[in-house]
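For reference, the structure is listed below as structure tokens.
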Amino acid sequence: NAHRCPKSEGVSLNRDMACGHRYIQGK
Amino acid sequence: IVGGMDVPERKWPWQVSVHYAGIHICGGSIINEYWILSAAHCFQKEKSTEAFDMYVGLVDLNVAGSHTQWFEVNKVIIHPTYELYHPVGGDIALVQLKSRIVFSDSVLPVCIAPPDVNLQNVVCWATGWGVISQKGHTSDKLQEAQMPLISLLLCQMLYGGPSYIMSDMLCAGDIRNVKTVCEGDSGGPLVCEFNHTWLQVGVVSWGRGCTYPMFPAVYARVSYFSEWIHYHVEHTPLPLQPLPTRSSMLAATLSAPVTMLAFLLTL
């Protein structure tokens, strides 16, 4: 699997989708 | 979540509701298009895999929105140290779905904290549909609360010794404002923001009650399990997809007009 996030920022388990990003930001 | 607030849609797009026999019992998180991370104790041995359903893209347990998807479970992998060294140790489970999740604004994966994650000075949040009050009230709306992390040493002192809180666990909770996770939040994520990226650092696991501030909630420490998670996600074959057969194709061509007829009859 491609690890799309740098290791220090966590690891993605998805080939085509960056993890840990949402489309809205909290306050 | 005790002391939490209602969550707006799309704020925590990795949140999962684990249903058993049609009832919400636990939370979970999306880590991959086929995989959900949750707590081992949500999948006790006597429970049947067929009776579990996973819901994603959900905020209100009573209202399936346009982004809500529902999945059956293909396989549950419980961590081999679950209940081995501690009554609730190794409390982590991987759930493989029968079909793939379609990602959208409301349905996205969270990152898994790496083994070397630095948890100093990070802002973390817990989410869930669990109990919200001392009296045991629940809410159909997903709740959120900011949860300060509590050092392992302090947590061990609060609980009475290192044998209570082991290295595969992590403590968090807002002792001053009595914000914590509770029954029904189990399996759900504790996530922290690192440079605009959300990492899951904990899985809601256990605690001594929900409203005794001196006993913060205990989570499975995701960084401790990250290599195990990666190994199983990468090495477990995907579920077999049923191939279309001549008879099922015929059924499909027949079922469309029948469905349409049923729809027209209801008008």
Side-chain angles (χ1 to χ4, degrees), chain A, chain B residues 5 7-15 29-37 67 94 100-118 122-123 125 127 144 146 189 191-201 222-223 226-227 229-236:
Chain A
N1 277 0
H3 293 177
R4 297 190 53 141
C5 303
K7 203 178 178 197
S8 61
E9 291 184 0
V11 185
S12 172
L13 290 163
N14 291 277
R15 289 172 205 279
D16 305 316
M17 174 65 66
C19 59
H21 293 278
R22 58 190 186 194
Y23 285 89
I24 59 161
Q25 295 296 319
K27 286 179 187 173
Chain B
M5 290 172 65
V7 166
E9 277 189 35
R10 297 185 292 167
K11 189 167 178 187
W12 307 109
W14 37 80
Q15 179 73 44
S29 57
I30 301 168
I31 57 168
N32 173 289
E33 56 195 353
Y34 271 101
W35 290 93
I36 303 292
L37 189 65
H67 297 286
L94 280 165
R100 114 186 16 232
I101 298 171
V102 177
F103 293 133
S104 68
D105 291 9
S106 303
V107 180
L108 291 167
V110 68
C111 300
I112 294 299
D116 61 350
V117 68
N118 179 4
V122 286
V123 175
W125 293 76
T127 45
E144 64 174 15
Q146 196 175 326
V191 294
C192 316
E193 192 171 19
F194 294 77
N195 299 325
H196 309 294
T197 300
W198 289 90
L199 263 63
Q200 183 169 354
V201 304
V222 169
S223 59
S226 61
E227 285 174 1
I229 294 168
H230 281 270
Y231 177 83
H232 284 283
V233 168
E234 286 168 17
H235 290 89
T236 307

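Note that these values count all heavy atoms, side chains included, but never hydrogens, waters or copies made by symmetry. In what follows, every chain begins at residue 1, and chains take the letters A, B, ... in the order their sequences are listed. Computed from a prediction, not measured in an experiment: that's the story for all the values here.
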Are side-chain heavy atoms of A/Arg22 and B/Lys11 found at a separation under 4.5 Å?
yes
Under 4.5 Å from any heavy atom of chain A, what part of B/Ser29 do you find: side chain, backbone, both or neither?
neither
Return the option, out of B/Val191, B/Asp105, B/Val201, with the maximum number of heavy-atom pairs under 4.5 Å with chain A.
B/Asp105
Looking at B/Cys111 and A/Gly20, what are the two nearest heavy atoms and their distance?
SG-N, 3.6 Å
Looking only at heavy atoms, what is the nearest atom pair of B/Thr197 and A/Cys19, with distance?
CG2-O, 3.8 Å
